[in-house]
Amino acid sequence: MKISDILKAHEVTVSFEVFPPKTDDKYAAVEEAARKIAALRPSFMSVTYGAGGGTSKNTAAIAADIQSSCGVPVLAHLTCVSSTKEHVASMIRVYRENGLENIMALRGDIPKDGRKIFDYDHASQLIYDIKSIDKNFCIGGACYPEGHVECERPSDDIRHLKEKVDAGCDFLTTQMFFDNNTLYNFLYRIREAGINVPVLPGIMPITNKSQVARSVALSGATIPQRFRMMVDRFGDNPATMKQAGIIYASEQIIDLISNGVSHIHVYSMNKPEIAAGIMQNLSDIIGG
Ligand code: FAD
């Protein structure tokens, strides 16, 4: 099923993300985790694509397994920055042959070793290519409430985002953020710029202390004082940090839904117990 149809059909949706294994010996463990998350019956699941495309066959295999064995619609990610047009076209064919109807079209991070970028500069070019190969794919794109790290002026980032949506994005998923006001502000600015597709806030449950520095480095997200105090108080005890992190993410989600932002994407990081904790905290809210 297309995600655009799922979003239209349900007032509130919750989706989870998994990432494929980097090496084949970890495949069975990731498949098991993905199946446990699928058993929670999220509205859909997304499967990320390893930087540089190194894990592309595992993305396709995990995505196809979740959709065909577990019956949960899947959003398969695809990045283009280190790919040739031929490789991208072959992945789109693999996705189509596996019955996948949704692609998260991304540029990907530019490799730190400065390897040559191949045929693509921006995600909008990938979206154009997907649409020209098969216009029936439902396409998601990424957006950044605090601005993309490479873009110096937020207004330029929003202008580029508009170009990306105009190229054919059906919806957008945000980078993680820890203060909902950041998102409300961003939504106001993009709606003013004429970007009207659904925006799914990406919620990252931080459940261990070491994740904080990694997540900030990756996303550039601002850490609010309330969040910092939680990590200071609970961060040295894994069990309490996990519980506090699930509750913080659940509270973020409840506030979003209360404010009418009700299609939520959770970066569940192959952790069924974290996805289950969030589903449990929201059970009546999602059901009702
Ligand atoms: P783009 O939309 O191309 O934007 C990248 C930068 O280029 C921005 O600064 C933008 O302002 C600028 N730009 C865009 N168009 C133009 C233009 N015409 N002229 C000048 N500048 C322009 N990475 C992975 O490797 N695998 C994944 O599975 C993955 N999943 C993700 C999911 C989500 C929800 C998010 C938010 C990110 C994900 N990423 C993933 C990370 C993503 O690949 C990086 O953030 C990457 O740096 C940007 O990708 P993009 O698709 O947003 O790029």
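Just the heavy atoms: all of them, side chains too, but no hydrogens, waters or symmetry mates, feed the values below. As the structure lists them, so they are numbered: ligands from 1, and atoms in each ligand from 1.
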For this session: Flag Arg107 as yes when one of its N or O atoms lies below 3.5 Å from any N or O atom of ligand 1, and as no otherwise.
Result: yes
Problem set entry | Transitive ILVMFWY side-chain link Val74 to Val30, under 4.5 Å | yes
For this session: Measure His122 to ligand 1 on non-hydrogen atoms and call it side chain, backbone, both or neither using the 4.0 Å cut-off.
Result: both
Exercise. With a 4.0 Å cut-off on heavy atoms, is Phe19 touching ligand 1?
Worked result: no
For this session: May I ask you to list the atoms of ligand 1 that are less than 4.0 angstrom from any heavy atom of Glu163?
Result: 18 (N)
For this session: Give yes if a backbone or side-chain nitrogen or oxygen of Asp157 is under 3.5 Å from a nitrogen or oxygen of ligand 1, and no if not.
Result: yes
For this session: Show which atoms of ligand 1 fall inside a sub-4.0 Å distance from at least one heavy-atom site of Ala142.
Result: 35 (C), 36 (C), 52 (O)
Exercise. Is Thr48 close to ligand 1, meaning an N/O of one under 3.5 Å from an N/O of the other?
Worked result: no
Exercise. Out of Leu78, Ile110, Leu106, whose heavy atom is nearest to atom 31 (C) of ligand 1?
Worked result: Leu106
Seminar exercise, completed: Numbered in order shown, the ligand 1 atoms found under 4.0 Å of a heavy atom of Thr79 are 24 (C), 25 (O), 26 (N)
Seminar exercise, completed: For Cys151, the ligand 1 atoms with a heavy-atom partner under 4.0 Å come out as 9 (O), 11 (O)
For this session: Please indicate, with yes or no, if any protein heavy atom is found under 4.0 Å from atom 9 (O) of ligand 1?
Result: yes
Exercise. Do any heavy atoms of Tyr120 fall under 4.0 Å from ligand 1?
Worked result: no
Problem set entry | Close-contact set for ligand 1 against Lys164 heavy atoms, below 4.0 Å | 2 (O), 50 (P), 51 (O), 52 (O)
Exercise. Within less than 4.0 angstrom of ligand 1, does Met104 place any heavy atom?
Worked result: yes
For this session: Could you list which atoms of ligand 1 come closer than 4.0 Å to a heavy atom of His77?
Result: 27 (C), 28 (O), 29 (C), 30 (N), 32 (C)
Exercise. So which bit of His265 gets within less than 4.0 Å of ligand 1, heavy atoms only: side chain, backbone, both or neither?
Worked result: neither
For this session: Could you tell me which atoms of ligand 1, counted from 1 in the order shown, lie closer than 4.0 angstrom to a heavy atom of Thr173?
Result: 34 (C)
Exercise. Just which atoms of ligand 1 are under 4.0 Å from any heavy atom in Gln175?
Worked result: 36 (C)
Exercise. Which heavy atom of the protein is the closest neighbour of atom 44 (C) of ligand 1, given with residue, atom name and distance?
Worked result: Asp109 OD1, 3.2 Å
